[in-house]
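What follows is a short report on a single structure.
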Amino acid sequence: MQWTLVIPLKPLARAKSRLADTAADGVRPGLALAFAQDTVVAALSCRAVADVAVVTDDVLAGRELAALGARIVPDAPRNGLNAALGHGADAVREIHPDAAVAALNADLPALRPLELSRVLDAAAEFPRAFLADAATLGTTLLAAAPGRELSPAFGTDSRARHRLSGAAELGLAGVDSVRQDVDTGEDLRAALALGVGRYTAAVSAGLLIPGS
């Protein structure tokens with residue numbers, strides 16, 4: 001099964017506020033963009049991915065991610081993460097009604113195409129499925145088979161909320177790069193230990209990472 005990934009990205013000026021202990025105000029927008037760039041590059045290199053749609057109103061991010069091959073979908077609802085994801089999935093299916101769609105976090109700078117393929121292949125066995133994040137509280141990927149609504153429930157305790165929604169939890173081992181999103185300095189240290197992409201590596205080179 002080939003998937004279209006929907007990646008949400010808030011305006012860079014408001015992104016990654018929890019990294020304040022690691023990156024100054026002037027650095028965080030560039031770091032958030034680098035995370036998204038590495039995520040998109042890895043996603044487009046994944047054999048199970050046919051297309052990537054990034055939902056964002058940020059002009060710089062849209063330009064840079066389009067240059068990498070992503071399709072940019074304006075965040076028309078402007079009503080938070082789940083509304084943006086629902087809008088992105090609808091935009092994809094307006095063009096490809098039978099598309100298999102998966103929401104993927106924009107902050108997976110260590111993402112490995114082979115590991116993402118394993119997750120998407122496993123998700124193809126279910127009408128809806130999700131992968132919990134490294135902290136086991138959130139979600140980094142939510143997938144919906146053709147003809148199924150995505151019905152995203154991201155946010156606080158999204159792992160529990162996606163389970164309650166009927167989505168199957170994928171219990172895969174060895175897919176750490178798909179689980180390791182970055183919200184805090186400790187998360188960034190963990191991602192760097194896995195090995196991040198070139199954009200994040202360049203921006204984070206001069207940062208003092210907690211625990212490093």
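With respect to the salt-bridge test (charged N to carboxylate O, under 4.0 angstrom), the residues Arg14 and Asp58 do not qualify. Ion pairing between Arg118 and Glu115 fails under the 4.0 Å rule for side-chain N and carboxylate O.
Hydrophobic clustering (side-chain heavy atoms under 4.5 Å, transitive across Ile, Leu, Val, Met, Phe, Trp, Tyr) keeps Val6 apart from Leu65. In terms of hydrophobic clustering, with Ile, Leu, Val, Met, Phe, Trp and Tyr side chains grouped at heavy-atom distances under 4.5 Å, Leu111 and Phe35 are assigned to different clusters. Both Val52 and Met1 are members of a single hydrophobic cluster when ILVMFWY side chains are connected at heavy-atom separations under 4.5 Å. The cluster map of Ile, Leu, Val, Met, Phe, Trp and Tyr, joined by side-chain heavy atoms under 4.5 Å apart, puts Leu33 and Leu44 in the same cluster. Clustering ILVMFWY residues whenever any of their side-chain heavy atoms sit less than 4.5 angstrom apart, transitively, puts Val49 in the very cluster that holds Leu131.
No side-chain donor-acceptor contact under 3.5 Å links Arg18 to the backbone of Thr184. Arg112 places no side-chain N or O within donor-acceptor distance of the main-chain N or O of Val178, the cut-off being under 3.5 Å. Listed for the Asp133 side chain is a donor-acceptor partner under 3.5 Å among the backbone atoms of Ala135. With hydrogens and angles ignored, the 3.5 Å screen pairs no side-chain donor or acceptor of Ser45 with any backbone N or O of Pro113. Between the side chain of Arg28 and the main chain of Lys16, a donor-acceptor pair closer than 3.5 Å is present. With hydrogens and angles disregarded, a donor-acceptor distance shorter than 3.5 Å links the side chain of Asp57 to the backbone of Asp75. The backbone N or O of Tyr199 sits nowhere less than 3.5 Å from a side-chain atom of Gln37 that would complete a donor-acceptor pair. Side chain of Thr39 to main chain of Ala106: a donor-acceptor pair is present (N/O by atom type, distance under 3.5 Å, no hydrogens or angles). Between the Asp38 side chain and the Thr200 main chain, a donor and an acceptor come within less than 3.5 Å of each other. A donor-acceptor pair under 3.5 Å is absent between the side-chain atoms of Gln180 and the main chain of Leu188, judged by distance alone.
How far CZ of Arg161 is from OG1 of Thr139: 8.5 Å, rounded to the nearest 0.5 Å. One distance of note links CZ of Arg159 with CG of Leu164; it measures 11.5 Å at 0.5 Å rounding. Rounded to the nearest 0.5 angstrom, Ile7 CD1 and Asn105 CG are separated by 9.0 Å. Asp51 CG to Trp3 CH2: the interatomic distance, rounded to the nearest 0.5 Å, is 14.0 Å. Taken to the nearest 0.5 Å, the CG atom of Leu81 stands 10.5 Å off from the CG atom of Leu9.
In this structure, Ala143 and Ala123 approach most closely via the heavy-atom pair CB-CB, 3.7 Å. Minimum heavy-atom separation, Ala83 to Pro77: O-CG, 3.8 Å. Across all non-hydrogen atoms, the minimal contact from Leu207 to Thr22 is CD2-O, 3.7 Å. Between Arg93 and Gly147, the closest heavy-atom pair is NH2-N, 4.0 Å. Heavy atoms only, all atoms of each residue included: Ala191 and Val196 are closest at O-CG1, 3.4 Å. When all heavy atoms of Gly185 and Leu19 are compared, the pair lying nearest together is N-CD2, 3.5 Å.
Residue Arg71 qualifies as enclosed at atom CZ: its count of foreign heavy atoms under 6.0 Å is above 12. Surrounding CD of Gln2 are more than 12 heavy atoms belonging to other residues, nucleotides or ligands, all under 6.0 Å away.
Ser165 and Arg128 are linked by a side-chain donor-acceptor pair at a separation below 3.5 angstrom, with hydrogens and angles left out of the test.
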Margin query: Under the criterion side-chain contact (heavy atoms from CB on, under 4.5 Å), I'd like the reasoning laid out for Leu5 against Leu116: C-alpha separation, chi angles, the key distance, then a yes or no.
Written below: CA-CA 11 Å; Leu5 302 186; Leu116 179 58; 4.0 Å; yes
Checklist line | side-chain contact (heavy atoms from CB on, under 4.5 Å) between Thr56 and Leu12, intermediate numbers included | finding: CA-CA 10 Å; Thr56 188; Leu12 298 176; over 6 Å; no
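Using bins of under 30°, 30° to 60° and over 60° for the plane-to-plane angle, the ring pair His162/Phe154 lands in the perpendicular bin.
Between Glu125 and Leu170 there is no side-chain heavy-atom pair separated by less than 4.5 Å. Counting heavy atoms from C-beta on, the side chains of Leu142 and Leu150 come closer than 4.5 Å.
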